[in-house]
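A quick write-up on the structure given underneath.
Nothing here was measured: the structure is a model prediction, and the numbers come from that model.
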Amino acid sequence: MSWLARVLIGVVVVLLLVIGALAWLFRSQAEAIPDELPAIDTSVADPQKIVIPGDEVLPELRLADLKGKRAYFLLEDRESMQAGESKELSRSLARWQLPEDVVGYSVGDAKGFGLFRNKISEFMGMMRDEMRLPLYIDFEGVFFDTFKLPRGHTGFVVLGPDGAVAHRHSGPADTADLDKIREVLGGREPEHPPAPDFAVGELTNETCKGKVCVFAFLDKPVARGDIPGIEGGFEGDREEGFKRFAEPSIRLVGVLHGADEKIDEDKIAGAIVGELKDLEFRRWKRVDAAPEARAAFGLGDGAGLVVIDREGRMAFNVGGLVRFWQLGLVADILGVDLGERDHQEP
């Protein structure tokens, strides 16, 4: 797995670089998911009494304070993250348009590892801006215990406006599960507007018909030596590489470099607009400039990523830094996992 792949998995895996070895020694394997989750005994463990301490960035999380809203919680631990169980659910939650009364939180289970609280907080500070949901670390394990969810699997809980449990789920979510969760949250699939008239080199509204078209606009030249995790790329340590990968243009080029070998040219086309050095792409075109397209997409002179879907709709349009969680949305549109490669870099 490449450096880019490891980074794109997200904050929980980064945290597990610190506690993973000990977790392997002291935790059992994933528990079995029962056909029906056990009932919650509120006389023993009342969800409304759950309080997760905050830190210098996030206030404490009090479930009792969430009454009047529909609140959902995406729960992860080491085993569930390594298995990638939450991918479909996480991306669906990010994609759906949800009512204003819906709030969401990510909770990482680190029961028994309070000793590493400071180190974990250090890594959290590095990753928080990349995440869509506020991330809390549950060092006491109260979420999995209170909601009677088997450890070693992704957990998902929805509380209704009255504070009662409206839905629970454990493990990967299939189509039926996702439909049920969307219904409980009152969500709907997004409606994308038609793309404006554009021309990026030879790629136009007409030539993109029936294909997904991807346009990465750079705000600075990018050289091979700027990009972490590729042969001949940036060779600093992980922290330095992370800072480099936080530069919008470097991230765009790095992500498309990782996907270059994987896209189907009959289904996907795209171009990188800007200056590259010592970098060649088999499937992505390179265009020096496309000022009219920049204006049409509303990007100005900055970096940005635009994706036009197969129906000619503007499925993604983000200026500046494209966050890790947003790359998951792009991966879904492309049908290509942007965090993995078919080959290993030397």
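- Taking the centre of each ring, F234 and F245 stay at or above the 6.0 Å mark.
- A donor-acceptor pair shorter than 3.5 Å can be found between the side chains of T154 and E76.
- A donor-acceptor pair shorter than 3.5 Å can be found between the side chains of H153 and E85.
- Legend: residues meeting salt bridge (charged side-chain N to carboxylate O under 4.0 Å, His left out) with R168, ordered by chain and number and at least two apart, are absent.
- At a threshold of 4.0 Å, the pair D264-K262 does not count as salt-bridged, since none of the basic side-chain nitrogens sits closer than that to a carboxylate oxygen.
- Exactly one residue among K243, K220, K277, R244 makes a salt bridge (Lys or Arg N to Asp or Glu O under 4.0 Å) with D226. That residue is R244.
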Y136 and F143: ring-ring contact (aromatic ring centres under 6.0 Å, His included), yes or no, with the steps? CA-CA 11 Å; Y136 286 85; F143 267 88; 8.8 Å; no

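- At a threshold of 4.0 Å, the pair R282-D260 does not count as salt-bridged, since none of the basic side-chain nitrogens sits closer than that to a carboxylate oxygen.
- Under a 4.5 Å side-chain heavy-atom cut-off, the cluster of Ile, Leu, Val, Met, Phe, Trp and Tyr residues that includes V44 has no other member.
- The closest side-chain heavy-atom distance from L63 to D65 is not below 4.5 Å.
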Carefully, step by step, assess F73 and F156 under the rule ring-ring contact (aromatic ring centres under 6.0 Å, His included). CA-CA 6 Å; F73 306 90; F156 187 74; 8.8 Å; no

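- At a threshold of 4.0 Å, the pair R151-E79 does not count as salt-bridged, since none of the basic side-chain nitrogens sits closer than that to a carboxylate oxygen.
- Under a 4.5 Å side-chain heavy-atom criterion applied to ILVMFWY residues, the cluster that includes L321 comprises that residue alone.
- With hydrogens and angles left out, the side-chain atoms of W325 and E130 include no donor and acceptor closer than 3.5 Å.
- Looking only at side-chain heavy atoms (C-beta outward), R313 and E191 stay at 4.5 Å or farther from each other.
- At a threshold of 4.0 Å, the pair K111-D145 counts as salt-bridged, since one of the basic side-chain nitrogens sits closer than that to a carboxylate oxygen.
- The number of heavy-atom neighbours closer than 6.0 Å to CD of E280, taken from other residues, nucleotides and ligands shown, is 12 or below.
- Applying the 6.0 Å contact sphere to CG of D301 captures no more than 12 heavy atoms from other residues, nucleotides or ligands.
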